[in-house]
There are 2 protein chains.
Amino acid sequence: MPDLIHDGDSAAAVSSLRSAVMLLGRRLKHQRVDESLSPTEMSVLGTLARCGSATPGELARKEHVQPPSMTRIVALLEAKGLVRLEPHPDDRRQKMVSRTEQAEAMLAESRSKRNAWLANLAEGLDEDEWEKLRAAAPVLEKLAHL
Amino acid sequence: MPDLIHDGDSAAAVSSLRSAVMLLGRRLKHQRVDESLSPTEMSVLGTLARCGSATPGELARKEHVQPPSMTRIVALLEAKGLVRLEPHPDDRRQKMVSRTEQAEAMLAESRSKRNAWLANLAEGLDEDEWEKLRAAAPVLEKLAHL
DNA sequence: GTAACTCATTAGCAATGCTAAATACCAGTC
DNA sequence: GACTGGTATTTAGCATTGCTAATGAGTTAC
């Protein structure tokens with residue numbers, strides 16, 4: 001790993017990444033597939049889709065949100081019938097949160113809409129640019145979870 | 001440009017990009033260099049650094065925010081001594097917003113702190129991964145501004 | 001000169017995050 | 001068994017930051 005702080009090119013890349021990620025993130029927030037679902041709620045459903053089920057505390061850590069915030073998010077999702085809450089098998093303080101079939105269907109439907117928006121935006125890129133972005137996507141995802 | 005929506009790999013990349021950008025964006029929000037400055041305020045200063053000066057309306061469009069929101073942001077920045085407001089030369093409805101020397105200094109100082117945080121996170125990547133990310137950074141920036 | 005438009009602002013609201021404190025539970029120690 | 005300290009979740013209240021609708025000032029086209 002080069003010295004990211006003192007290598008000029010890398011410093012420029014880091015700065016570029018930051019502003020791009022923040023701006024793109026703000027624009028993505030507006031592209032809700034389901035108007036009644038916030039970005040974080042969507043993200044939680046996505047996490048549950050990957051992990052199967054988790055406790056509120058685990059979800060809060062994974063989403064980088066404080067536990068009280070996750071409490072509200074989970075409550076909203078439950079009210080919408082998108083997650084199910086069950087008692088934790090070993091620890092009665094905790095709960096197990098898992099998604100419902102309804103959430104499954106919504107995720108599938110929304111995924112195509114989301115992809116369409118971003119893909120449409122990406123039409124403004126040429127072949128070469130898109131190739132670079134595609135190569136970097138898994139890396140960016142890894143970075144986001146580090 | 002390939003058919004981004006129906007090509008499986010590209011669809012996966014798009015989906016991956018979206019979640020990564022949103023999560024990383026949320027984490028970046030917490031890495032404020034000046035605790036009293038919101039991410040959007042920072043972004044406005046960055047835009048002013050690139051553009052020199054602009055009207056509130058132009059800033060709102062560039063930041064993908066509604067005009068009333070920009071009014072408040074500009075007012076807060078002015079109260080902090082980070083931007084200056086001058087009458088528009090041609091149109092008395094509009095104002096020209098430009099950054100102060102204080103903003104300049106703050107941007108420079110904060111840039112290094114921001115870079116340090118992201119660079120530190122990127123230490124978890126190997127050489128090859130970082131190379132991909134660096135290649136994609138300008139593309140991501142272009143995409144965000146499309 | 002007036003009608004229609006545009007820019008910025010004000011007022012009020014909604015969403016979404018936070019901290020501090022309360023509640024329920026677990027685990028180790030006397 | 002009861003006590004003490006620690007952890008998970010929730011409740012209550014607050015701050016931030018975005019929005020829409022409506023207002024006021026200024027411009028432009030007819």
Side-chain angles (χ1 to χ4, degrees), chain A residues 22-45 47 53-80 82-98, chain B residues 22-45 47 53-80 82-98:
Chain A
M22 296 201 61
L23 178 53
L24 198 52
R26 195 169 330 130
R27 297 184 64 184
L28 274 167
K29 270 180 69 174
H30 292 274
Q31 302 305 324
R32 303 187 181 179
V33 286
D34 181 333
E35 277 303 318
S36 68
L37 231 52
S38 81
T40 311
E41 288 172 312
M42 278 300 302
S43 185
V44 167
L45 290 182
T47 297
S53 65
T55 68
E58 283 168 352
L59 287 173
R61 279 188 293 276
K62 281 182 212 267
E63 302 292 326
H64 294 95
V65 149
Q66 293 303 307
S69 303
M70 190 51 69
T71 291
R72 175 166 45 185
I73 291 166
V74 167
L76 288 172
L77 287 175
E78 192 191 18
K80 288 169 187 160
L82 295 170
V83 304
R84 207 189 331 272
L85 281 128
E86 284 156 19
H88 194 284
D90 305 334
D91 188 338
R92 277 187 299 168
R93 287 172 306 179
Q94 305 186 57
K95 298 175 180 174
M96 293 307 296
V97 184
S98 56
Chain B
M22 296 200 60
L23 179 52
L24 198 52
R26 196 170 328 131
R27 297 184 65 185
L28 274 166
K29 271 181 68 174
H30 292 275
Q31 302 305 323
R32 304 188 182 178
V33 286
D34 180 333
E35 277 303 320
S36 68
L37 231 50
S38 81
T40 310
E41 288 173 313
M42 278 300 301
S43 185
V44 168
L45 290 182
T47 297
S53 65
T55 68
E58 283 169 351
L59 287 173
R61 279 188 294 277
K62 281 181 211 264
E63 300 294 327
H64 294 96
V65 149
Q66 293 304 305
S69 304
M70 190 51 69
T71 290
R72 175 166 45 186
I73 292 165
V74 167
L76 288 172
L77 288 175
E78 193 192 17
K80 288 169 187 161
L82 295 170
V83 303
R84 205 189 332 272
L85 280 125
E86 285 155 18
H88 193 283
D90 305 333
D91 187 337
R92 279 187 296 169
R93 288 172 304 180
Q94 304 185 59
K95 298 174 180 174
M96 293 307 298
V97 184
S98 56

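Protein chains get the first letters and strands the later ones, always in sequence-line order, with residue 1 at the start of each.
In this structure, A:K95 places its NZ atom 11 Å from C1' of C:dA24, rounding to the nearest Å. Note: CD (B:E63) to P (D:dG18) measures 10 Å, nearest angstrom. Rounded to an integer number of Å, the gap from A:M70 CE to D:dT11 P is 16 Å. Rounded to an integer number of Å, the gap from CE of B:M96 to P of C:dC7 is 14 Å. If you take CD of A:E86 and P of D:dA8, they are 20 Å apart, rounded to a whole angstrom. Whole-Å rounding puts the B:L76 CG to C:dT9 P distance at 12 Å. Taking atom CG of B:D90 as the reference point, atom P of C:dT6 lies 18 Å away to the nearest angstrom. Separating the CZ atom of A:R61 from the C1' atom of D:dT9 is a distance of 12 Å, rounded to the nearest angstrom.
Note on B:R92: a side-chain N or O is less than 4.0 Å away from OP1 or OP2 of D:dT27. Between B:Q66 and D:dT20 there is a side-chain polar atom (N or O) within less than 4.0 angstrom of OP1 or OP2. When the side-chain nitrogen and oxygen atoms of A:T71 are compared with OP1 and OP2 of D:dT10, one or more of them lie within a distance under 4.0 Å. Taking only side-chain nitrogens and oxygens, B:T40 never comes nearer than 4.0 Å to OP1 or OP2 of D:dT17. OP1 and OP2 of C:dA15 both lie 4.0 Å or more from every side-chain N or O belonging to A:S38.
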Test A:E58 against A:V97 for side-chain contact (heavy atoms from CB on, under 4.5 Å), laying out the working first.
CA-CA 10 Å; A:E58 283 168 352; A:V97 184; over 6 Å; no
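Checked by distance alone, A:R93 brings no side-chain donor or acceptor within 3.5 Å of a matching partner on the base of D:dT9.
Using a 4.0 Å heavy-atom distance criterion, A:P56 is classed as a sugar-phosphate-only contact. Among the protein residues, B:P67 comes within range of the nucleic acid bases, having at least one heavy atom under 4.0 Å from a base atom.
Of the possible donor and acceptor atoms, one in the side chain of A:T47 sits under 3.5 Å from a partner among the backbone N and O of A:S43. Judged by distance alone, with hydrogens and angles left aside, the side-chain atoms of B:K80 form no donor-acceptor pair with the main-chain N or O of B:L37 at under 3.5 Å.
Candidate nucleotides C:dC18, D:dT11, D:dC19 were compared by shortest atom distance to the side chain of A:S69, and C:dC18 ranks first. Of the candidates C:dA20, C:dT10, C:dG17, the closest approach to any side-chain atom of A:I73 belongs to C:dG17.
Between A:R72 and B:Q94, it is B:Q94 whose nearest contact on DNA chain C lies nearer the 5' terminus.
Within the 4.5 Å cutoff, the side chain of B:M96 has heavy atoms near those of the B:P89 side chain.
For the residue pair A:K95 and A:P56, the shortest heavy atom distance occurs at O-CD, 3.4 Å.
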